[in-house]
Q: 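One structure, as structure tokens, below. Some questions next.
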Amino acid sequence: MRKRARILAGMAAGALWALAVVGGPQLAGLPYLPAPLSVPGALVPPGIVMAAMIGRLAQRRFWDDALIDGQDFPSGSPGWVDQRVLHNTIEQVVLALVTWPFVALTLGGGVVLVMGVAFALSRLAFWIGYHAAPPLRAFGFAATFYTTVLAAFWAVFAWAI
């Protein structure tokens, strides 16, 4: 039960992070940036983190004779964890790709630029947390997922009114 409480705390912190990331730029009154200028820039930080994950997996394979030919990482091993983190990050990037352009059009490109940096930081927390501590993993996941979902709902609401 104690583990669930710590994970729930990480998820709650991720929800607060999402509110700050999506609401902060709007409260700060950032100027409106067009989506064609902002969305590509917003996707650079997630791309850099994904490149680091892919590089780390390649490095693990290169230096392990048992894995160099593309074998599966042993379940529970650090490489297996890295692969799961990359897989989840790809899912999160796809979600961002299908929602962030609308968010940028509706709420302004400054929001998605902040979201891009926040995404990268959240994914790093998820990656570190997956190796170290479930609450940090929960924060990293929630901070990434909740931010994108909150921004999408906020944008739909703003667009509808």
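No hydrogens, no waters, no symmetry mates; every other heavy atom, side chains included, goes into these values.
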Q: Who are the side-chain hydrogen bond (donor to acceptor under 3.5 Å, both in side chains) partners of Y146, not counting sequence neighbours?
A: none
Q: Report the distance from atom CG of L97 to atom CD of Q92, rounding to the nearest 0.5 Å.
A: 11.5 Å
Q: Atom CG in L107, atom CZ in F102: separation rounded to 0.5 Å?
A: 8.0 Å
Q: With clusters defined by side-chain heavy atoms of hydrophobic residues (ILVMFWY) lying less than 4.5 Å apart, directly or transitively, does L113 cluster with L150?
A: no
Q: Could you pull out all residues at least two apart from R60 that satisfy salt bridge (charged side-chain N to carboxylate O under 4.0 Å, His left out)?
A: D82
Q: Looking at CZ of F62 and CG of L67, how far apart are the two atoms once the value is rounded to the nearest 0.5 Å?
A: 13.0 Å
Q: Could you report the tightest heavy-atom contact between V49 and A120, atom names first, then the distance?
A: CG2-CB, 3.5 Å
Q: Kindly assign one of parallel, tilted or perpendicular to the pair Y130 and F126, based on the angle between their ring planes and the thresholds 30° and 60°.
A: perpendicular
Q: Any idea which heavy atoms bring T99 and L95 closest together, and the distance?
A: OG1-O, 2.8 Å
Q: Grouping I, L, V, M, F, W and Y whenever their side-chain heavy atoms are under 4.5 Å apart, do I90 and L121 come out in a common cluster?
A: yes
Q: Under 3.5 Å, which donor-acceptor pairs do the side chains of residues 20-44 form with other protein atoms, sequence neighbours left out?
A:
| residue | atom | partner | partner atom | Å |
| --- | --- | --- | --- | --- |
| Q26 | NE2 | V22 | O | 2.8 |
| Y32 | OH | L105 | O | 3.1 |
| S38 | OG | P34 | O | 3.2 |

Q: For A125 and L136, which heavy atoms make the closest approach, and how far apart are they?
A: O-CG, 3.5 Å
Q: Is it the case that one hydrophobic cluster holds both V93 and L57, taking links as side-chain heavy atoms less than 4.5 Å apart, direct or via other members?
A: yes
Q: Hey, quick one: are W159 and V112 part of the same hydrophobic cluster, counting side-chain heavy atoms closer than 4.5 Å, chains of contacts allowed?
A: no
Q: Which pair of heavy atoms, one from R123 and one from F141, lies closest together, and at what distance?
A: NH2-CA, 3.6 Å
Q: Please say yes or no: joined through hydrophobic side-chain contacts below 4.5 Å, possibly via intermediate residues, are V111 and V156 part of one cluster?
A: no
Q: Would you tabulate the side-chain donor-acceptor contacts of residues 72-81 under 3.5 Å, counting partners in other chains and residues two or more places apart, or write 'none'?
A:
| residue | atom | partner | partner atom | Å |
| --- | --- | --- | --- | --- |
| S77 | OG | P74 | O | 2.7 |
| S77 | OG | W80 | N | 3.2 |

Q: State which residues pass ring-ring contact (aromatic ring centres under 6.0 Å, His included) with W154; sequence neighbours excluded, sorted by chain then number.
A: none
Q: Please find the pair of heavy atoms, one from G14 and one from F139, that lie closest to each other, and give the distance.
A: N-CD1, 3.4 Å
Q: Do we see a donor-acceptor contact under 3.5 Å between the side chains of E91 and H87?
A: yes
Q: What's the shortest heavy-atom distance between R61 and Q71, and which atoms?
A: NH1-O, 2.5 Å
Q: Which other residues belong to the hydrophobic cluster containing L8, where Ile, Leu, Val, Met, Phe, Trp and Tyr are joined when side-chain heavy atoms lie under 4.5 Å apart, directly or via other members?
A: none
